[in-house]
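Worksheet: the structure to be examined is printed underneath.
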Amino acid sequence: MRYLFWVLLAAAVAWFIYELFGPIRGVRNVGASRFARELADAGPAGRFLIDVREPAEFARGHIRGAVNIPLSQLAERIGEIPADRKIFVYCQSGVRSRRAARMLKKRGCRDIVHLNGGLASWRGETVR
């Protein structure tokens, strides 16, 4: 009985880690340089850049052109996200934005680019 408990616990932990860090079908995880290239290639009219950090974090600095939709508000504000554009998403470290990308994918967004490592990996310009 004790053995079964540990097996189930290990399986639950493995599932949690996979959900947190595993691949998301239809979401491309890219590094900072590729993220910057794709942002530039899409142009302002062809992209929608989302910063899912909280407003105080956003105010300290963000990628130019980003819209602040905190992860905590994403479900309520999903209607603000245009379905006809490429969606770029980031946060501070990449954890919250991965969750956001998963939510966006489930809500029907098809072209999602996630900044792997978040703003901490970004080497481009930020604005306040």
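What's counted below: heavy atoms across the whole structure, side chains too, no hydrogens, waters or symmetry copies. Owing to the predicted nature of the structure, the values given are computational and were not obtained by experimental measurement. The first residue in the sequence is number 1, and the count goes up from there.
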Between [Y] and [X], is there a side-chain heavy-atom distance shorter than 4.5 Å?
X: Ile69; Y: Ile81; value: yes
X: Ile63; Y: Leu49; value: yes
X: Asn29; Y: Arg98; value: yes
X: Val30; Y: Asn116; value: no
X: Ile50; Y: Leu104; value: yes

Any side-chain to backbone donor/acceptor pair from Gln73 onto Pro70? Under 3.5 Å, distance only. no

Return the [atom1] to [atom2] distance between [X] and [Y], rounded to the nearest 0.5 Å.
X: Ile112; Y: Met103; atom1: CD1; atom2: CE; result: 11.0 Å
X: Leu71; Y: Arg53; atom1: CG; atom2: CZ; result: 13.0 Å
X: Arg64; Y: Leu39; atom1: CZ; atom2: CG; result: 12.5 Å

Does the pair Arg60/Glu54 count as a salt bridge with the N-to-O cut at 4.0 Å?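 No salt bridge links Arg60 with Glu54.
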
Salt bridge flag under 4.0 Å for residues Lys86 and Glu38: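 Between Glu38 and Lys86 there is a salt bridge, with a charged N closer than 4.0 Å to a carboxylate O.
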
For the residue pair [X] and [Y], what are the closest heavy atoms and their distance?
X: Ala66; Y: Asp51; result: CB-CB, 4.2 Å
X: Pro82; Y: Ile87; result: O-CD1, 3.6 Å
X: Ser97; Y: His114; result: OG-NE2, 2.8 Å

Exceeds 12 heavy-atom contacts within 6.0 angstrom, atom CZ of Arg77: yes

Picking from Arg47, Lys105, Arg28, Arg85, what satisfies salt bridge (charged side-chain N to carboxylate O under 4.0 Å, His left out) with Asp111? Arg28

Stepwise side chain to side chain contact (heavy atoms under 4.5 Å, CB included) check, Arg102 with Arg107: CA-CA 9 Å; Arg102 188 179 304 278; Arg107 298 285 179 128; over 6 Å; no

Is there a path of hydrophobic side-chain contacts, each under 4.5 Å between heavy atoms of I/L/V/M/F/W/Y residues, joining Leu119 to Val52? no

Would a hydrophobic clustering, with Ile, Leu, Val, Met, Phe, Trp and Tyr connected at side-chain separations under 4.5 Å, put Leu115 with Val67? no

Pairs flagged by ring pair (Phe, Tyr, Trp, His ring centres under 6.0 Å) wherever residues 48-99 is involved - sequence neighbours left out: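 Pairs touching residues 48-99 that pass the test: Phe35-Phe88, Phe58-His62.
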
